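Here is the structure we will look at, set down as structure tokens.
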Amino acid sequence: MNSENLGMYAALDDLVQLIKDELSVGYDIQIDKIWEEKSVGFVDDRRDRILIYPKNERIQPFGLYGCDWLHTTDLAIEIRSFGDELKLSAIVNNISKVIKSNIRRPNFVDIMMTGSLTENDKMRNMFKHIINVTYRKHNP
């Protein structure tokens, strides 16, 4: 594991655990880090999925002579559902509420939602929403 990416992996693990612990939609949803999926076509129309993956990490020195470092990690939460747009909306709203209520996290400066994008394909009855999240960590 590369030392420059320690903030990225810590943020990713924290976000996966946060969603697993606090998501409450009334049924089981599969939550995975995207690289843990081994198959090529991993779309499953029988269950909803949440895929979480890192996008970027910015490392900024600050303090006297750059002795402290602030790692800002961007992650994406990709929510996939089939058959019902209302079901997807309920999951998105629930995840949004979980993130907003946990803005302060142990071992991190903060966590923030920075974007939200819907990529629904109603022709094929596939519903997908992406939430962008930013973690900040001091000296990982």
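Keep in mind it's a predicted model, so treat the numbers as computed, not measured.
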If only side-chain N and O atoms count, and only distance matters, is there a donor-acceptor pair under 3.5 Å linking Gln17 with Asp21?
yes
Nearest atoms (heavy-atom pairs only) where Arg49 meets Asp32:
NH2-OD2, 2.5 Å
With a cutoff of under 4.5 Å between side-chain heavy atoms, which Ile, Leu, Val, Met, Phe, Trp and Tyr residues group with Leu70?
Phe62, Val109
Rounded distance (nearest 0.5 Å) linking atom CG of Asn93 with atom NE2 of His129:
8.5 Å
Tell me, do Thr72 and Gln60 make a side-chain contact under 4.5 Å, heavy atoms counted?
yes
Drop me the distance from Ile91's CD1 to Arg80's CZ, to the nearest 0.5 angstrom.
13.0 Å
Within-4.5 Å side-chain heavy-atom neighbours: Ile111 and Leu15:
yes
Test: salt bridge (Lys or Arg N to Asp or Glu O under 4.0 Å). Region: residues 89-106. Which pairs qualify, not counting sequence neighbours?
Asp14-Arg105
To the nearest 0.5 Å, what is the distance between CD1 on Ile95 and OG on Ser24?
10.5 Å
Are Val92 and Thr118 close enough that some pair of their side-chain heavy atoms sits under 4.5 Å apart?
no
Give me each pair satisfying ring-ring contact (aromatic ring centres under 6.0 Å, His included) with a member in residues 84-113, each pair once, sequence neighbours excluded.
Phe108-Tyr135
According to side chain to side chain contact (heavy atoms under 4.5 Å, CB included), who are the partners of Lys55, at least two apart in sequence or on a separate chain?
Tyr53, Asp74, Ala76, Asn132
Nearest 0.5 Å please: distance from the CG atom of Leu12 over to the CE atom of Met8.
9.0 Å
Just how far is it from atom OG1 of Thr134 to atom CZ of Arg58, taken to the nearest 0.5 Å?
6.0 Å
Joint cluster assignment, Ile131 & Ile34, ILVMFWY side-chain distance < 4.5 Å
yes
Got a sec, which residues hit salt bridge (charged side-chain N to carboxylate O under 4.0 Å, His left out) with Glu119, two or more places apart in sequence or on another chain?
Lys128
Heavy atoms only: give me the nearest Met112-Ile99 pair and the separation to one decimal.
C-CG2, 4.5 Å
Heavy-atom distance under 4.5 Å between the side chains of Asp48 and Ile79, does that happen here?
no
Is any side-chain heavy atom of Leu86 closer than 4.5 Å to a side-chain heavy atom of Phe127?
no
CG-CD distance between Leu75 and Glu57, expressed to the nearest 0.5 angstrom
9.5 Å
Mind checking salt bridge (charged side-chain N to carboxylate O under 4.0 Å, His left out) for Asp110 and listing every partner two or more places apart, or none if nothing turns up?
Arg136
